[in-house]
J.: 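One structure coming up, written as structure tokens, with questions to follow.
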Amino acid sequence: MSLLVVGLSHRSAPVSVLERAALAPQARGPLLADVVAAEPATEAAVLSTCNRIELYADVDKFHAGVAELSTLLAHHSGVVLEELTPYLYVHYEDRAVHHLFSVACGLDSMVVGEGQILGQIKDALAVGQEQHSTGRLLNDLFQQALRVGKRAHSETGIDQAGQSLVTFGLQQLTAAHPGEALDVERWAKNKRALVIGAGSMSALAATTLARAGVTELVIANRTQERAQRLAASLGGRTVPMTEVPAELAVADVVVSCTGATGLVLSRAIVEAAAEERHAPLALLDLAMPRDIDAAVHRVEGTTLVDIESLAEAAADAPMAADVDAVRGLVAEEVAAFGAAQRAATITPTVVALRTMASDVVATEMARLDGRLPGLDERERAEITQTVRRVVDKLLHAPTVRVKQLAGEPGGAGYADALRELFDLDPQTVAAVSKPNRSGHEPHPH
């Protein structure tokens, strides 16, 4: 089995395609169910954010896996395969591991070094585990990706290479006001903020604005309970979605990130609010697909920053020297993960070998009992222990060495050699090899 990634992101596809291909949270479960039901895949996970949709799977056939994952991604995203295919990228085995680790470190983000992706990777793993679609490989992969991402942020200065998408977006809004520096906290003072949505991105935006010192924070969400919890934690208040147009007339900054499939703020709604205002209105749209009509760009007195404009701004952002350090860290971790996975493939064979050896000892001791029925318990125990020590010593060096060799590139062949040399029962090895959905496997004694 081998790791395969099929996906698209802001690096491979225009925002218009990403918007249409965006997966609603409730669509992830059915997608995962269809992937693991497909013949080439035994495990699956989906990483879906505002600027990437990626399917991870453990497959036994590369070409069939690519075809199946591409087809299912198109089916569940609603974009026809022929239109989606030119924007898809494929990563396989070590390259797939390298890709996820780079994503976890923020190297592949729209804003280099942003840390929110770690939470999204954690969510992807949680969804996969809830859907019982992840096994040993993907559990190990995503858990290690989280550790690698945390290591990058703690051991390097990658955080300095860029800001979170929320902070970066707010900074772009501040840059649109002549004479003001890119200082979100100073810009936010004495401003009234409206946040539309109460998901993870909206919560991050609300928290950022609250910490920056806005004078009033208003949360609007279709589910009032979630909005109330968020507002209570930040000292804000809530309004129903029906009151959003009225709040636009008095807000200074609006951040919108909902899971809506259509527009939340049309040009007409924003124009009506602008006519009642005597101050500029700044809008940040972090939703995918977009919440705010792109035509709002042309409404006098308003500034709109959306995913598309953020992508353009991020392309011009300077890269920090620490990016090279993170790339080195990723390469190191990819090599270590590959070695660990290759070494793990030998474990079932070693377990089967030791099981066979134990059976041989038990058989020979039973035969000895028949030949020497007069042995007392002490003598029998001593003979049994001696035989076991001899077997263990004979097996120790080859099993330790084969694990070391299996960790090297091309090491998978050593498991095959061990099975052939000791004539191990393939069904016994297969039974030991079969992972459970918690990602744990039997350990050799």
Side-chain angles (χ1 to χ4, degrees), residues 3-13 18 21-38 41-59 65 68-70 72-73 76-77 88-92 95-110 114-153 164-165 199-204 257 259 286-288 330 333-334 337 341 435 437-439:
L3 177 65
L4 174 67
V5 180
V6 176
L8 68 161
S9 74
H10 64 283
R11 295 187 183 277
S12 69
L18 281 173
L23 287 174
Q26 63 269 23
R28 298 173 196 179
L31 171 57
L32 292 176
D34 284 352
V35 173
V36 294
T42 58
E43 301 181 35
V46 58
L47 178 59
S48 178
T49 73
C50 62
N51 52 28
R52 77 176 63 249
I53 307 158
E54 297 176 343
L55 266 177
Y56 291 75
D58 188 5
V59 301
E68 191 66 38
L69 265 59
S70 301
L72 289 173
L73 196 56
H76 285 269
S77 69
L88 294 177
Y89 47 77
V90 174
H91 299 299
Y92 192 54
R95 285 186 59 192
V97 177
H98 188 281
H99 175 74
L100 181 59
F101 287 4
S102 297
V103 169
C105 293
L107 292 180
D108 197 59
S109 295
M110 187 177 292
E114 64 97 4
Q116 189 180 1
I117 188 64
L118 287 176
Q120 294 162 334
I121 291 174
K122 185 177 180 180
D123 288 344
L125 176 59
V127 170
Q129 291 174 337
E130 289 169 6
Q131 297 292 323
H132 305 291
S133 67
T134 57
R136 181 189 61 80
L137 175 61
L138 293 186
N139 279 317
D140 287 352
L141 175 70
F142 275 71
Q143 288 165 0
Q144 187 61 25
L146 290 171
R147 287 190 284 268
V148 173
K150 291 174 183 176
R151 183 184 169 196
H153 286 284
S164 74
L165 200 57
S200 58
M201 184 75 83
S202 298
L204 180 59
C257 187
L286 298 174
M288 183 67 72
V330 167
E333 291 282 0
V334 170
F337 184 83
Q341 291 297 309
R437 287 304 183 187
S438 66

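Only a predicted model underlies this, so the values are computations on that prediction, with no experimental measurement involved.
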J.: Can you tell me how far CG of L55 sits from OG of S70, rounded to the nearest 0.5 angstrom?
T.: 9.0 Å
J.: What I'd like to find out is whether the side chain of L73 reaches to under 4.5 Å of the side chain of L88, using heavy atoms alone.
T.: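 Side chain of L73 against side chain of L88, heavy atoms only: contact under 4.5 Å found.
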J.: Provide the closest heavy-atom pair for S9 versus L18 in the form atom of the first, atom of the second, distance.
T.: C-CD1, 3.8 Å
J.: Quick one: does L23's side chain get under 4.5 Å of L31's, heavy atoms only?
T.: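 Yes, their side chains come closer than 4.5 Å.
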J.: With a 4.5 Å limit on heavy-atom distance, are the side chains of Y56 and L47 in contact?
T.: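 Yes; the side chains approach each other to less than 4.5 Å.
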J.: Whether the side chain of S12 engages the backbone of L8 through a donor-acceptor N/O pair (distance < 3.5 Å, no angle test) should be reported.
T.: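 It does not hold such a pair.
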J.: Can you tell if the side chain of F337 reaches within under 4.5 Å of the side chain of L141, non-hydrogen atoms only?
T.: yes
J.: Checking side-chain polar atoms at under 3.5 Å, does E54 have a donor or acceptor matched by the opposite partner on Y89?
T.: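 Their side chains do contain a donor-acceptor pair, which is all the 3.5 Å distance test asks for.
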J.: Using the side chain to side chain contact (heavy atoms under 4.5 Å, CB included) rule, take I117 and V103 through it: C-alpha gap first, then chi angles, then the decisive distance, then the call.
T.: CA-CA 7 Å; I117 188 64; V103 169; 3.6 Å; yes
J.: Quick check: are there more than 12 heavy atoms from other residues, nucleotides or ligands sitting under 6.0 Å from CZ of R95?
T.: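 Counting other residues, nucleotides and ligands, CZ of R95 stays at 12 neighbours or fewer.
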J.: Between E333 and R151, does any side-chain N to carboxylate O distance fall below 4.0 Å?
T.: yes
J.: S77 and A21: which non-hydrogen atoms are nearest, and at how many Å?
T.: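 Residues S77 and A21, closest heavy atoms: CB-O, 3.3 Å.
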J.: Do R28 and S48 come close enough that some side-chain heavy atom pair is under 4.5 Å?
T.: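 Yes, at least one pair of side-chain atoms sits under 4.5 Å.
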J.: Quick one: OG1 on T134 to CD on Q129, what's the gap to the nearest 0.5 Å?
T.: 4.5 Å
J.: Please examine the side chains of V148 and C105, heavy atoms only from C-beta on, and report whether any two atoms are closer than 4.5 Å.
T.: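 Yes, close enough: below the 4.5 Å cut-off.
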J.: I need the minimum non-hydrogen distance between A57 and A41, along with the two atoms involved.
T.: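 Closest heavy-atom pair between A57 and A41: CB-CB, 4.2 Å.
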J.: Using modelled atom types only, decide if a donor and an acceptor are shared between the side chain of R52 and the backbone of D108 within a distance under 3.5 Å.
T.: yes
J.: Closest approach of E43 and G135, non-hydrogen atoms and distance?
T.: OE1-N, 2.8 Å
J.: Quick one: closest heavy-atom pair of A44 and V35, and the distance?
T.: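 Heavy-atom minimum between the residues: CB-CG1, 3.4 Å.
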J.: Is the distance between the ring centroids of H99 and F101 under 6.0 Å?
T.: no
J.: When rounded to the nearest 0.5 angstrom, what distance separates CG in L138 from OG in S133?
T.: 7.5 Å
J.: Is L32 close to V36 at the side-chain level, that is, under 4.5 Å between some pair of heavy atoms?
T.: no
J.: Side chains of I121 and L100, heavy atoms from C-beta outward: is any pair under 4.5 Å?
T.: yes
J.: Rounded to the nearest 0.5 Å, what separation is found between the CZ atom of F142 and the CG atom of D123?
T.: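 One gets 11.5 Å once the value is rounded to the nearest 0.5 Å.
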J.: Is the shortest distance from a Lys or Arg side-chain nitrogen in D58 or R136 to a carboxylate oxygen in the other one below 4.0 Å?
T.: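 Looking at R136 together with D58, the answer is no, because their closest N to O distance does not fall below 4.0 Å.
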J.: Which distance, rounded to the nearest 0.5 Å, do you find between the CD of Q120 and the OG1 of T49?
T.: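 With rounding to 0.5 Å, CD (Q120) is 5.0 Å from OG1 (T49).
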J.: To the nearest 0.5 Å, how far apart are CG in L4 and CD in E68?
T.: 11.5 Å
J.: Quick check: closest heavy atoms across H153 and L118, and the distance to 0.1 Å?
T.: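 In this case the closest contact between H153 and L118 is CD2-CD1, 4.0 Å.
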